Amino acid sequence: MTTPLTCLNFINGVWVNAESGNTLESRNPADNRQLIATFPSSAADDVDTAVIAARKAYITWRQVPAPTRAEYVFRVGELLVKYKEELAQLISREMGKTLTEARGDVQEGIDCAFYSAGEGRRLFGQTTPSEMPNKFAMTVRMPIGVCALITPWNFPIAIPCWKAMPALVCGNTVILKPAEDTPACATKLVAIFAEAGLPPGVINLVHGVGENAGGALVEHPDVDLVSFTGSSETGAQIGAICGRTHKRVCLEMGGKNAQIVMEDADLELALEGAVWGAFGTSGQRCTATSRLILHRDIKEKFTTMLKERSSKLRLGTGDDPNTEICPIINSRQLQRVKKYLDIATQEGATVLMGGEIATEGELQHGYFFQPTILDGVTPDMRVAREEIFGPVVAIIEVTSFEEAINILNDTKYGLSSSIYTRDINRAFAAMRDIEAGITYINGPTIGAEVHLPFGGVKQTGNGHREVGIAALDVFTEWKTVYVDFSGSLQRAQIDNRE
Ligand code: NAP
């Protein structure tokens with residue numbers, strides 16, 4: 001048992017309580033008797049103070065040369081390396097994921113730091129000939145201003161890093177509103193940014209309830225950009241407010257990702273992918289495999305293999321090296337997963353394995369759900385269409401490649417996708433025809449790397465991508481500059497046509 005942490009907001013370089021003095025609690029999802037931290041329940045006045053600080057800091061931060069801004073982020077990367085194990089332990093206690101996965105969460109932050117820092121010496125624009133003589137034309141990237149970063153609990157280090165690091169290198173100042181379920185992780189992360197020496201007000205942290213602290217940030221007239229990752233419902237609300245208040249908004253939302261296994265696939269390989277994709281982090285990844293689309297010729301064999309392999313998965317606390325299935329984040333989400341099992345059986349699906357809340361022994365103190373396989377699922381069922389965000393995978397049988405692609409695409413979401421096949425022609429056709437932001441060939445639906453764009457099509461996103469070069473398009477505006485050194489008025493489209 002570790003001593004509970006007292007987390008605070010971080011505004012203008014100072015750790016402070018909420019003005020109201022109100023606090024909330026964060027508990028271990030593997031054992032809800034364990035208090036991890038208390039943290040401020042912030043409101044509009046706290047948000048206002050943070051926005052004022054971020055606006056003031058922006059005036060000087062935008063003028064700091066980009067390579068220097070990037071050096072701060074590089075230092076954050078070095079500190080993340082130093083604190084990797086400590087952070088991983090904290091993630092595992094507060095969010096529940098296994099230590100191995102928690103280390104991966106931190107590593108993603110480290111990768112993002114070093115990648116983003118490199119951008120400080122690029123941030124390329126273009127030069128191009130002008131259509132007029134003695135005139136020079138170029139584009140440069142300009143920062144946007146004060147950015148509100150609203151993040152979920154499932155990657156409590158990686159996702160805030162994905163947003164904050166490119167935002168800062170691009171010359172913006174930021175205010176992070178992390179998920180209520182992982183305030184201690186966010187606090188430690190922001191403390192690391194502070195230790196790296198960022199000037200006051202450049203990074204700010206405001207804890208609290210989504211509707212209050214998050215809502216106030218989204219509504220605030222002096223916030224220029226909102227970068228949000230979370231559920232489609234919340235994203236839709238935020239998008240509507242940003243439309244009304246003319247803010248730039250980047251939304252990364254839900255998924256209903258599928259893995260196709262064709263009759264010619266390497267079944268052992270596809271099996272490892274399916275187990276990791278469906279049950280890693282207990283299915284609480286936006287890229288988790290929640291549908292398995294199996295060709296009829298291998299369906300029975302593959303289903304038997306999956307059941308056999310999955311029945312050996314061990315549930316437990318994240319710090320137990322034997323644990324493969326971690327807890328669900330909170331009791332509300334646990335009940336939501338259970339509700340989908342009821343819906344599945346009402347709609348005629350068969351529960352091949354699992355299907356229940358796990359309460360044996362010590363598990364009764366946490367929020368555990370058995371790894372679950374649903375068979376006989378048809379594309380019209382709710383479990384084939386709606387995001388469950390738990391260790392539940394739905395099997396859908398198909399008779400052809402075309403049918404597999406059509407069913408994979410038959411969803412309002414479009415984040416990640418995967419196909420296992422040895423047929424190169426099918427692999428390329430899948431790359432072309434799958435409607436998703438990410439497609440894996442002979443790999444599971446999870447496994448993003450930070451130097452490639454991350455995000456989804458259709459209702460998963462709103463046309464932006466995170467990380468990689470694409471992140472620069474979120475956190476900068478293009479400015480087009482013309483320099484006329486002719487010494488006379490030159491009218492484009494007119495004087496050069498006469
Ligand atoms: P969520 O309930 O939408 O919450 C996400 C964040 O938004 C939290 O910080 C939350 O604060 C805040 N929030 C809630 N209501 C708000 C409001 N009215 N105004 C402003 N902020 C508000 O999502 P979640 O349950 O934490 O995360 C799971 C979802 O995230 C899943 O749907 C998953 O697919 C998605 N996700 C997507 C990606 C991606 O890249 N596409 C990555 C990871 C997760 P509170 O914590 O206080 O509620």
Side-chain angles (χ1 to χ4, degrees), residues 51 54-73 112 115-149 162-175 202 220-228 238-239 242-252 437 450-455 457 461-498:
V51 175
R55 174 61 58 194
K56 185 160 171 269
Y58 176 63
I59 295 164
T60 39
W61 182 246
R62 66 183 283 275
Q63 307 267 28
V64 173
T68 308
R69 295 194 299 249
E71 281 169 23
Y72 286 100
V73 171
C112 188
Y115 177 81
S116 305
E119 274 312 317
R121 287 189 182 270
R122 286 186 289 266
L123 282 181
F124 295 138
Q126 300 113 21
T127 58
T128 184
S130 164
E131 66 185 51
M132 311 303 287
N134 297 322
K135 196 170 172 185
F136 185 86
M138 64 181 165
T139 61
V140 287
R141 289 186 182 273
M142 305 297 287
I144 289 173
V146 174
C147 301
L149 315 178
W162 284 14
K163 295 182 189 297
M165 289 169 172
L168 294 175
V169 170
C170 290
N172 306 283
T173 54
V174 304
I175 302 163
V202 170
H220 200 290
D222 216 18
V223 166
D224 301 293
L225 175 151
V226 177
S227 174
F228 166 82
I238 290 177
C242 290
R244 173 163 56 70
T245 55
H246 302 290
K247 289 185 179 66
R248 181 181 269 233
V249 60
C250 167
L251 304 171
E252 288 297 338
V450 301
H451 54 298
L452 287 102
F454 182 93
V457 302
N462 66 336
H464 296 282
R465 292 291 182 273
E466 299 214 275
V467 290
I469 289 286
L472 305 182
D473 291 329
V474 172
F475 292 109
T476 58
E477 294 272 19
W478 283 116
K479 176 173 279 186
T480 305
V481 182
Y482 299 98
V483 183
D484 192 324
F485 54 99
S486 69
S488 57
L489 171 67
Q490 299 199 82
R491 297 173 302 174
Q493 295 94 41
I494 298 173
D495 293 337
N496 55 340
R497 294 291 165 197
E498 284 176 353

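Since we're looking at a predicted model, the values are computed, not measured.
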In Å and rounded to the nearest 0.5 Å, what is the [atom1] to [atom2] distance from [X] to [Y]?
X      : Y      : atom1 : atom2 : answer
Lys163 : Cys112 : NZ    : SG    : 11.0 Å
Ser130 : Lys135 : OG    : NZ    : 5.0 Å
Leu472 : Arg122 : CG    : CZ    : 9.0 Å
Tyr482 : Gln490 : OH    : CD    : 13.0 Å
Met132 : Arg491 : CE    : CZ    : 9.0 Å

Closest non-hydrogen atom pair, [X] against [Y]:
X      : Y      : result
Asp484 : Gly487 : OD1-N, 4.2 Å
Ala470 : Pro453 : CB-CB, 3.9 Å
Ser116 : Val73  : CB-CG1, 4.3 Å
Ala167 : Val174 : CB-CG1, 3.7 Å
Ile469 : Tyr115 : N-OH, 3.3 Å
Val223 : Leu225 : CG1-O, 3.4 Å

Please list, chain by chain and in numerical order, all residues satisfying side-chain contact (heavy atoms from CB on, under 4.5 Å) with Arg244, sequence neighbours excluded.
-> Glu219, Ile241
Sorted by chain and residue number, the side-chain contact (heavy atoms from CB on, under 4.5 Å) partners of His464 (sequence neighbours excluded) come out as Cys250, Asn462, Val474
Check: [Y] and [X] side chains under 4.5 Å, non-hydrogen atoms:
X      : Y      : value
Leu123 : Arg69  : yes
Phe124 : Thr139 : no
Thr245 : Pro221 : no
Trp478 : Arg141 : yes
Ser227 : Trp162 : no

Cut-off 3.5 Å, no hydrogens considered: what does the side-chain donor-acceptor table look like for residues 57-65, sequence neighbours left out?
unit_1 : atom_1 : unit_2 : atom_2 : d
Thr60  : OG1    : Ala57  : O      : 3.3
Trp61  : NE1    : Leu168 : O      : 3.2
Trp61  : NE1    : Asn172 : O      : 3.1

[X] (side chain) donor-acceptor with [Y] (main chain) under 3.5 angstrom:
X      : Y      : value
Asp224 : Val146 : yes
Arg248 : Thr476 : yes
Glu119 : Pro166 : no
Glu131 : Gln493 : yes
Lys247 : His220 : yes

